[in-house]
Amino acid sequence: MLVNSIQSFSPPRRILMGPGPSDVHPRVLAAMARPTVGHLDPSFVAMMDELKALLQYAFQTANPLTLPVSGPGSAGMETCFANLVEPGDKVVVCVNGVFGGRMKENVERCGGIAIVVEDAWGTPVDTAKVAAALAANPGVKAVAFVHAETSTGVESDAAALCALAREHGAYSIVDVVTSLGGVPVRVDAWGADAVYGGSQKCLSCTPGLAPVTFSPRAAAAVAARKTKVQSWFLDLNLVMGYWGGAAKRAYHHTAPINALYALHESLLMLREEGLEAAWERHARHHRALVAGLEAMGLGMLVAPAHRLPQLNAVRVPDGVDEAAVRNRLLERYGIELGAGLGALAGKVWRIGLMGQSCSATNLTLCLSALETVLAEMTAPIREGAALPAAAAELYGR
Ligand SMILES: *Cc1c(COP(=O)(O)O)cnc(C)c1O
């Protein structure tokens, strides 16, 4: 690489309809370009308080311990496990896709004992199996599960799983990375204990921040640990010296100042739209997308009752090269779709309708581009039916 030939990087314009990141609104990009101030500047500290209030709104919680971790969704995951799980703790981990598998890794790396409850990819977590695992293993410290499994497009029953954990005296650790802002997430109503999200999915902010919230009893457990949190950076007992509500804030690490401006703006946009309105928008566009895909003759992976509106796993017709379709969509139309992961590789496309990406314009373009490309590849689809079906769902007849 000859460094003298390198110029400024100009990314192509894309329409992001995969599993995240999603399209970022110009308001959010503009917020990010504002002047950098110090991480202890009084103006910045005031913005941090607003950010916390906006996050409490997004999570539907009054938890004082609510903040954005400086790192991607995976750092939010590590924060929950590293702070709550001590060596020797037993944790029931629900695995029905990629991200449940990562939770098991986290438990084990914290020195905990993972009791895995597995369900088939494409199906939700079976609460009866979790109840059986809790009954068979007295003294479980926590139950961990993914609310919205991005690898399959399945929603699990978070309220029931959190309630089950409480009944057995266990904490709940909940991944809402893909659900936050897209479907109802009600941390206080669920009685959830340690919950983490991500900035780049339905919040439509730039990647790299992980909102987390801890219930008062989970926060007390972190403060009363017998052993130090093994990660210095993610130890909430130390992070709170900077993010805690007290007037005096101390340096812990340099916050990603401009990225936090962006999160503030994206959460403000969510509050302006209203959470309920955002959930409804995701549901409505999902119905239109499915109507269009089914009119074309394509099938969905997940049963209707468990489908996530923001992540749609679509079966690839027999004989179609799924990667060739995605490549043509990207090269010609600038549309990015997600591929299948693990056992679903080559078998599904993952179409994201997350945050700003969830619009009538995007889904209309996506359906028409997909139809064109599949027809060129002589896939067995019905032509001309998808857009009218989607429009009927969106606008009525
Ligand atoms: C994307 C995602 C993550 C990880 O987030 P990163 O920002 O990529 O680290 C975790 N859990 C779920 C369910 C996700 O969809």
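Nothing here was measured: the structure is a model prediction, and the numbers come from that model. Counting starts at 1 for both ligands and their atoms, in listed order. Side chains included, hydrogens not; waters and symmetry mates left out as well; all remaining heavy atoms used.
When each of N96, L341, L311, L344 is tested with S151 by the rule side chain to side chain contact (heavy atoms under 4.5 Å, CB included), just one qualifies, namely L341. Partner of V229 under the side chain to side chain contact (heavy atoms under 4.5 Å, CB included) criterion, chosen from L236, D235, L238: D235.
Looking at N312, its side chain never comes within 3.5 Å of a backbone N or O of M300 through a donor-acceptor pair. Although no hydrogens or angles enter the test, the distance criterion places a donor-acceptor pair under 3.5 Å between the side chain of E86 and the main chain of T227.
For atom 9 (O) of ligand 1, the nearest protein heavy atom (residue, atom name, distance) is S74 OG, 2.5 Å. Among all non-hydrogen protein atoms, the one lying nearest atom 11 (N) of ligand 1 is D175 OD2, 2.7 Å. Closest to atom 1 (C) of ligand 1 among all protein heavy atoms lies K201 NZ, 1.5 Å. Scanning the protein heavy atoms around atom 3 (C) of ligand 1, the nearest turns out to be F99 CE2, 3.4 Å. Looking only at heavy atoms of the protein, atom 15 (O) of ligand 1 is closest to T150 OG1, 2.4 Å. With hydrogens left out, the protein atom closest to atom 8 (O) of ligand 1 is Q200 NE2, 3.8 Å, a heavy atom. Atom 5 (O) of ligand 1 has its closest protein heavy atom at G73 CA, 3.5 Å.
Checked against a 3.5 angstrom limit, the closest N/O atoms of V146 and ligand 1 fall outside it. Annotation: R102 places no N or O atom under 3.5 Å from an N or O atom of ligand 1; distance criterion only. For ligand 1, the polar-atom distance check against Y196 finds no nitrogen or oxygen pair separated by under 3.5 Å.
Each of the atoms 15 (O) of ligand 1 lies under 4.0 Å from some heavy atom of T178.
Between D49 and R249, at least one side-chain nitrogen of the basic residue sits less than 4.0 Å from a carboxylate oxygen of the acidic one, meeting the salt-bridge criterion. Contact check on R271 versus E50 returns no salt bridge, with no Lys/Arg side-chain nitrogen under 4.0 Å from an Asp/Glu carboxylate oxygen.
Under the 6.0 Å cut-off for aromatic ring centres, H39 and F44 do not qualify, their centroids lying 6.0 Å or more apart.
For the 3.5 Å distance criterion, the side chains of T61 and D188 qualify, holding a donor opposite an acceptor.
When heavy-atom distances to ligand 1 are checked against a 4.0 Å cut-off, A148 comes that close only through its backbone atoms N, CA, C and O. By the criterion of a heavy-atom distance under 4.0 Å, neither the backbone nor the side chain of E149 is placed next to ligand 1.
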### Task
Step by step, work out the side-chain contact (heavy atoms from CB on, under 4.5 Å) result for V37 and Y261.
CA-CA 11 Å; V37 298; Y261 300 165; 3.5 Å; yes

